[in-house]
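In this chain, numbering begins with 1 at the start of the sequence shown. Atoms within a ligand are numbered from 1 in the order they appear, just like the ligands themselves. A quick note: this is a predicted structure, and the numbers were derived from the prediction, not measured.
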Amino acid sequence: MAKILAVLYPDPVGGYPPNYARDDIPRVTGYPGGQTAPTPQAVDFNPGELLGCVSGGLGLRDFLESRGDTFVVTSDKEGPDSTLDRELADADVVISQPFWPAYLTAERIDAAPRLRLAITAGIGSDHVDLPSAIAHDMTVAEVTYSNSISVAEHAVMQILTLVHDYMPAHEWVTSKKGWNIADSVSRSYDIEGMDIGVLGAGRIGQAVLRRLKPFDVRLHYHDVHRLPEEVEEELGLIWHPDPQSLAAAVDVLSIHTPLHPQTQNLFDEELIGAMKRGSYIVNTARALIVDRDAVVRALESGQLAGYAGDVWYPQPPPEDHPWRTMPHEAMTPHVSGSTLSAQARYAAGAREILECWLDGRPIRQEYLIVEGGGLAGSGARSYTVAG
Ligand code: NAP
């Protein structure tokens, strides 16, 4: 019998379940490129339910307990006395979401002798120390594509929010009870005619480019692998050989690469300084891809006109994290990939991965990040490890 430890975000302050705004969600069975949505043998939840919090339990409790497995769910993940640290000692599987990451550091992996599998219910497994997972012959898997479109929609929304300067205008009518048109429009622009770039034209990056095309903008991108010529032609894409050339060419830059040694701290003072004055950055990838304090300084000096995103470090961030109070931001907590629509897919994907692993069947290649002592599947294409 296996012990599965899920580290999930706390329940809503108003209690569980919440009052849902809608009765159902559209059924998505596949993604661009032909990959199918998760195909577990069954699920024990109604799509559209809040599954990512402790009481939601990713809809896995009945399945696991009916098999005789132990299923422990907690949101308590910080510090040496945390439930995560205590329960990790004899856990076989850890499931966590990037929105409330269980940071599986090298020390934690060393302290978890039975740990064989880390599942990311979502996308992005940088919260797992991948070199340690490789050294311990663990499997790391994530639910590729499950929330890519959710994030792409959020990124487009944040690009429009920043450029139109939506946040201060909203504040004028709500908390300030005013009608200050001049104040509200003094930093407000259209994206029409702008140069917009995407760093990392993978699943999310390409979905952002496709969604932006009808806005009559010039679209740019940089990726380690250039997209097929027909895709570049269809979307009218301008390719850049490196992030520096991309950053210097655009008015708005949206970041969509994984966090790994090549991308960590890429947007430092120098690269942000090489952008046009008044550029915007939207980062729904990972916070550590940008230099936290360089972003704040650039917003204060006017080098950046705005910064938005939903990814922070650490998560949750401390109350005095400077991004909570910097000017010209449109930040959210890490929510873009955890819409109720996305949760139905990544909960089903976590179940599919567990079913395979518990039955000794192979996990889909596209879900694999680490397996067999090295990067594998999607991880072998998009990640690097230092050393
Ligand atoms: P993906 O399909 O693997 O796309 C990532 C792209 O980045 C790939 O095309 C990859 O290139 C490219 N890339 C990797 N390293 C690069 C580098 N050094 N320079 C330029 N391009 C590089 O992944 P995805 O589904 O689009 O997700 C991307 C990231 O978004 C995830 O890793 C995660 O960190 C983040 N994410 C955030 C949320 C959220 O809720 N905010 C949700 C999901 C994902 P090749 O594959 O061509 O080598």
Considering only non-hydrogen protein atoms, determine which one is nearest to atom 42 (C) of ligand 1 and report residue, atom name and distance to 0.1 Å. V151 CG2, 3.2 Å
What atoms of ligand 1 come within less than 4.0 Å of a heavy atom belonging to T263? 17 (C), 18 (N)
Hey, is ligand 1 close enough to N147 that some N/O pair sits below 3.5 Å? no
Any idea which protein heavy atom is nearest atom 3 (O) of ligand 1, and the distance to it? S382 OG, 3.0 Å
Testing the 3.5 Å rule here: is there a donor-acceptor pair between the side chains of Y346 and Q97? yes
For atom 31 (C) of ligand 1, find the nearest protein heavy atom and state the residue, atom name and distance (0.1 Å precision). I123 CG2, 4.0 Å
May I ask you to say whether K213 pairs ionically with E234, meaning some side-chain N is under 4.0 Å from a carboxylate O? no
Nearest protein heavy atom with distance in Å, relative to atom 7 (O) of ligand 1: P258 CD, 3.5 Å
Side chains of H260 and T384: any donor to acceptor distance under 3.5 Å? yes
All ring-ring contact (aromatic ring centres under 6.0 Å, His included) counterparts of Y103, not counting sequence neighbours: Y313
At what distance is the nearest protein heavy atom to atom 45 (P) of ligand 1, and which residue and atom is it? H225 ND1, 3.2 Å
Would R61 count as a cation-pi partner of F71, with NZ or CZ less than 6.0 Å from the six-membered ring centre and within 45° of the ring normal? no
Nearest protein heavy atom to atom 19 (N) of ligand 1, by residue and atom, and its distance? H222 NE2, 3.9 Å
Numbered atoms and elements of ligand 1 in range of S148, under 4.0 angstrom, heavy atoms: 25 (O)
Below 3.5 Å, can you tabulate the donor-acceptor pairs from side chains in residues 248-256 to any protein atom, sequence neighbours excluded?
| residue | atom | partner | partner atom | Å |
| --- | --- | --- | --- | --- |
| D251 | OD1 | K276 | NZ | 3.1 |
| D251 | OD2 | D195 | N | 2.7 |
| S254 | OG | H256 | NE2 | 2.7 |

NZ or CZ of R324 within 45° of W312 ring axis and under 6.0 Å: yes
At a 4.0 Å threshold, what atoms of ligand 1 neighbour a non-hydrogen atom of R203? 1 (P), 2 (O), 3 (O), 4 (O), 25 (O), 26 (O)
Where do R364 and I353 land on the side chain to side chain contact (heavy atoms under 4.5 Å, CB included) test, with the steps shown first? CA-CA 8 Å; R364 288 194 206 196; I353 292 169; over 6 Å; no
Please classify the A201 to ligand 1 contact at 4.0 Å (heavy-atom distances, strictly less than): side chain, backbone, both or neither. backbone
Between K77 and D85, is there a side-chain N and carboxylate O pair less than 4.0 Å apart? no
Flag, side chain of Q303 to backbone of M275, donor-acceptor distance under 3.5 Å: yes
Flag the pair K3 and D69 as a salt bridge only when some basic side-chain nitrogen lies within less than 4.0 angstrom of an acidic carboxylate oxygen. no
Would you mind listing which atoms of ligand 1 come within a distance below 4.0 Å of any non-hydrogen atom of D310? 39 (C), 40 (O), 41 (N)
Looking at ligand 1, is there an atom of it that comes within less than 4.0 Å of some heavy atom belonging to Q206? no
Do the side chains of R203 and E366 get close enough for a salt bridge, i.e. N-O under 4.0 angstrom? no
With heavy-atom distances below 4.0 Å as the criterion, list the atoms of ligand 1 near Q262. 18 (N)
Going by the closest heavy atom to atom 4 (O) of ligand 1, which one wins out of A380, P98, G202? G202
Of all the non-hydrogen atoms in the protein, which one sits nearest to atom 30 (O) of ligand 1, and at what distance? I204 CD1, 3.6 Å
Using distance alone, decide if ligand 1 has a nitrogen or oxygen within less than 3.5 Å of any nitrogen or oxygen in T257. no
Taking 4.0 angstrom as the limit and counting only heavy atoms of F99, give me the atoms of ligand 1 inside it, by number and element. 40 (O)
Just do the side chain to side chain contact (heavy atoms under 4.5 Å, CB included) check on L160 and Y166 with the steps written out, would you? CA-CA 8 Å; L160 290 165; Y166 174 89; over 6 Å; no
List the closest protein heavy-atom neighbour of atom 28 (C) of ligand 1: residue, atom name, distance to the nearest 0.1 Å. H256 O, 3.4 Å
Option whose closest heavy atom lies nearest to atom 35 (C) of ligand 1, chosen from S125, G124, A285: A285
Among V143, L199, D223, D126, which one puts a heavy atom closest to atom 9 (O) of ligand 1? D223
